[in-house]
Amino acid sequence: MQEQIRKFLDFLAVEQGYSDNTIAAYRNDLSQFAGFLTKMDPLFASWAEVRRDSIVNYILHLKEREYTSSTVARKVAAIKSFFHYLLAEGIIKDDPTVTLDSPKVKKRLPKALSHDLVNRLLAEASKYSTPKGQRDKALLELLYATGMRVSELVLLNIDDVNLASANVRCFGKGAKERIIPIYDRAVHALEEYLQKGRPRLMKNPKEKALFLNHRGKRLTRQGLWLIIKHYADEVGMGSEVTPHTLRHSFATHMLSGGAGLREVQKLLGHANISTTQVYTHVNSERLREVYDESHPRAK
């Protein structure tokens, strides 16, 4: 059983180009499912033995443990993908997930900061002239200038940045490359960091990572999140900021500024335009909030 899971994960990594984080999520979800099946039936030894009822019971088990609907939906999606793979490989003859509906998840609109709040956050990082301060200013400016995912930003190397052309190259999901232009303020922040901050953080001259931690190693996603949270707390909006907040703000502000959906889709690295369209709803909600704030009688 675990052998089939391992081969499936290899397939996702090699053939589908899934990220390490996605692979880890699949591994966790499928191992949990296998553990549930074994607990229900200690003699369970083959994926061909799994029936639709067993999967339904697992979904009910997850709901009883008060997993969120989005988490249950993700776990069900992992199971369905796994059984599709087993069927395609000829390991099973029938797919027990064919008639299985995924739990419906209420879509939450992404949280976007106003221009004023973004400027407050960026200004806070500008207060410090230390190497870490110069690094933090550069990475926050770059996040907002490009709308990159946090995972994409920490994987940047020095040669991915072209300050002369004012753009940055990043690799998104499925290792898809995209070139993103950056504004002057981000260029200047990166120039200062590369000339003054990074050399003082660097321990190994051969290190290629753009953003370094205090040990001179590549900054991790967790480290970046702690940096963002620190500055968000400093300006009193810690609860409003998540690792994706600047990405959401970038997309929302681009659309409100007149950029087209296709243009924003390309910059964000979305595979489907429908993913980008959610930001048009964010703009609509924000416009209603502004109207209500300025027209209290209209409420």
Side-chain angles (χ1 to χ4, degrees), residues 12 15-19 21-22 25 70 73-74 77 81 102 104-119 121-122 138-157 159-187 189-190 210 221 224 228 240-291:
L12 294 181
E15 300 294 333
Q16 303 296 315
Y18 283 16
S19 69
N21 291 329
T22 302
S70 59
R74 189 199 73 215
S81 295
S102 296
K104 292 183 178 180
V105 180
K106 182 180 180 181
K107 286 190 176 181
R108 294 182 179 179
L109 294 179
K111 178 71 174 179
L113 301 176
S114 66
H115 284 92
D116 179 59
L117 288 178
V118 169
N119 287 330
L121 185 66
L122 298 177
L139 66 83
L140 286 173
E141 288 283 3
L142 190 57
L143 272 178
Y144 180 58
T146 62
M148 279 192 290
R149 302 174 179 91
V150 167
S151 57
E152 294 170 345
L153 184 131
V154 297
L155 289 176
L156 290 177
N157 291 325
D159 57 7
D160 290 324
V161 176
N162 189 328
L163 297 181
S165 301
N167 61 47
V168 60
R169 175 186 62 183
C170 78
F171 295 88
K173 293 182 178 180
K176 292 182 180 178
E177 177 184 319
R178 65 186 192 277
I179 306 295
I180 311 174
I182 53 179
Y183 50 66
D184 289 345
R185 196 171 67 185
V187 170
L190 282 165
L210 175 61
R221 287 192 312 142
L224 178 54
I228 295 173
E240 299 180 59
V241 179
T242 70
H244 262 27
T245 299
L246 289 176
R247 176 172 167 84
H248 298 325
S249 302
F250 163 84
T252 304
H253 297 168
M254 285 288 290
L255 288 170
S256 64
L261 267 177
R262 289 292 180 186
E263 180 184 358
V264 176
Q265 176 193 9
K266 182 178 179 181
L267 292 172
L268 293 175
H270 286 159
N272 299 311
I273 192 69
S274 60
T275 308
T276 316
Q277 284 175 324
V278 69
Y279 293 103
T280 61
H281 301 302
V282 175
N283 279 328
S284 297
E285 284 211 343
R286 181 56 189 156
L287 286 173
R288 281 195 292 273
E289 288 176 7
V290 171
Y291 183 85

[X] and [Y]: which non-hydrogen atoms are nearest, and at how many Å?
{"X": "Ser256", "Y": "His253", "answer": "OG-O, 3.0 Å"}
{"X": "Cys170", "Y": "Ile180", "answer": "SG-CD1, 4.0 Å"}
{"X": "Ala189", "Y": "Ala138", "answer": "O-CB, 3.7 Å"}
{"X": "Asn167", "Y": "Ile182", "answer": "N-CG1, 3.9 Å"}
{"X": "Val161", "Y": "Leu190", "answer": "CG1-CD1, 4.2 Å"}
{"X": "Ser151", "Y": "Leu155", "answer": "O-CG, 3.3 Å"}

Checklist entry - Is the shortest side-chain N to carboxylate O distance from Arg169 to Glu152 below 4.0 Å? => result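 Result for this pair is no, no salt bridge flagged.
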
Item to check | Verdict with supporting geometry, Asp160 and Leu210, side chain to side chain contact (heavy atoms under 4.5 Å, CB included) | outcome: CA-CA 8 Å; Asp160 290 324; Leu210 175 61; over 6 Å; no

Could you give the distance from [atom1] ([X]) to [atom2] ([Y]), rounded to the nearest 0.5 Å?
{"X": "His270", "Y": "Gln265", "atom1": "NE2", "atom2": "CD", "result": "8.0 Å"}
{"X": "Leu12", "Y": "Thr22", "atom1": "CG", "atom2": "OG1", "result": "9.0 Å"}
{"X": "Thr245", "Y": "Leu121", "atom1": "OG1", "atom2": "CG", "result": "9.0 Å"}
{"X": "Ile179", "Y": "Thr146", "atom1": "CD1", "atom2": "OG1", "result": "12.0 Å"}
{"X": "His248", "Y": "Leu268", "atom1": "NE2", "atom2": "CG", "result": "10.0 Å"}

Checklist entry - Can you check whether Arg221 reaches Asn21 side chain to side chain, under 4.5 Å on heavy atoms? => result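 Side chain of Arg221 against side chain of Asn21, heavy atoms only: contact under 4.5 Å found.
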
Can you tell me if [X] uses its side chain to pair, donor with acceptor, with the backbone of [Y] under 3.5 Å?
{"X": "Asn162", "Y": "Ala164", "value": "yes"}
{"X": "Thr252", "Y": "Ala112", "value": "no"}
{"X": "Arg178", "Y": "Leu267", "value": "yes"}

Item to check | Leu143/Leu153 under side chain to side chain contact (heavy atoms under 4.5 Å, CB included): CA gap, chis, key distance, verdict | outcome: CA-CA 7 Å; Leu143 272 178; Leu153 184 131; 3.7 Å; yes

Checklist entry - Would Val118 and Phe250 satisfy side chain to side chain contact (heavy atoms under 4.5 Å, CB included), going step by step from the backbone distance to the final call? => result CA-CA 10 Å; Val118 169; Phe250 163 84; over 6 Å; no

Next on the checklist: Apply side chain to side chain contact (heavy atoms under 4.5 Å, CB included) to residues Leu156 and Met148 and explain how you reach the verdict.
Outcome noted: CA-CA 11 Å; Leu156 290 177; Met148 279 192 290; 3.6 Å; yes

